[in-house]
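Presented below is the structure to which this report refers.
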Amino acid sequence: QVVFALNQTLLQQESLRAGSFQIPYTTEDLIKHYNCGDLSSIIFNHDTSQVPNFINATLLAHERITAQEIDSYFRQELIYKRNERMGRRVKDLLEEYPDKSFFFAFGAGHFMGNNTVIDVLRREGYEVEYTPAGQAI
């Protein structure tokens, strides 16, 4: 699986470099949707947006199964579990110091797709609100 994942990642990077493959959104698109508070837009709704997409139509049947296993593993280990850990850390600090004020800053990856840090906190009963750029906190 490691060799397969590495080969697919390299092929995808070569395609990007050659111009035969393009990412469906730009950095500017990400910034625009983030600033607009549109975290549920189509751009942010891909569970695997942070990892290479190993599943494509050119794969043989046995390769497609391998790709799906790797994709599932990455989604679970690199995205969901990481966000669970981050959400629990925030929750633990809020509960340990209820009279304190906090400011938490996360990378954009913690807000992409499903099972985000925000989702974790909401499941724990916290109300999370978006603050647009330029608005006083």
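No hydrogens, no waters, no symmetry mates; every other heavy atom, side chains included, goes into these values.
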Margin query: Quick check on Y97: does its OH atom have over 12 non-hydrogen neighbours (other residues, nucleotides or ligands) under 6.0 Å away?
Written below: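 Not buried by this count: 12 neighbours or fewer within 6.0 Å.
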
Next item on the list: Please check if atom OH in Y126 has more than 12 non-hydrogen atoms from other residues, nucleotides or ligands closer than 6.0 Å.
Entry: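 Check passes, neighbour count above 12.
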
Flag yes if [X] and [Y] sit in one hydrophobic cluster, no otherwise; membership is Ile, Leu, Val, Met, Phe, Trp, Tyr, and two members link when side-chain heavy atoms are under 4.5 Å apart.
| X | Y | result |
| --- | --- | --- |
| F102 | V117 | yes |
| L94 | M86 | yes |
| Y73 | I65 | no |

Next item on the list: State, with a plain yes or no, whether a side-chain heavy atom of R123 is found less than 4.5 Å away from one of K91.
Entry: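 No; the side chains remain at least 4.5 Å from each other.
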
Margin query: Side chains of F104 and L121, heavy atoms from C-beta outward: is any pair under 4.5 Å?
Written below: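 No, side chains not in contact.
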
Checklist line | Nearest heavy atoms of N83 and V120, plus distance in Å | finding: O-CG2, 3.8 Å

Notebook entry, point to check: Roughly how far apart are T116 OG1 and R82 CZ, rounded to 0.5 Å?
Noted result: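 Reported value, rounded in 0.5 Å steps: 10.5 Å.
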
Checklist line | Any donor-acceptor N/O pair, N115 side chain to Y80 backbone, under 3.5 Å | finding: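 No: the side chain of N115 does not pair with the backbone of Y80.
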
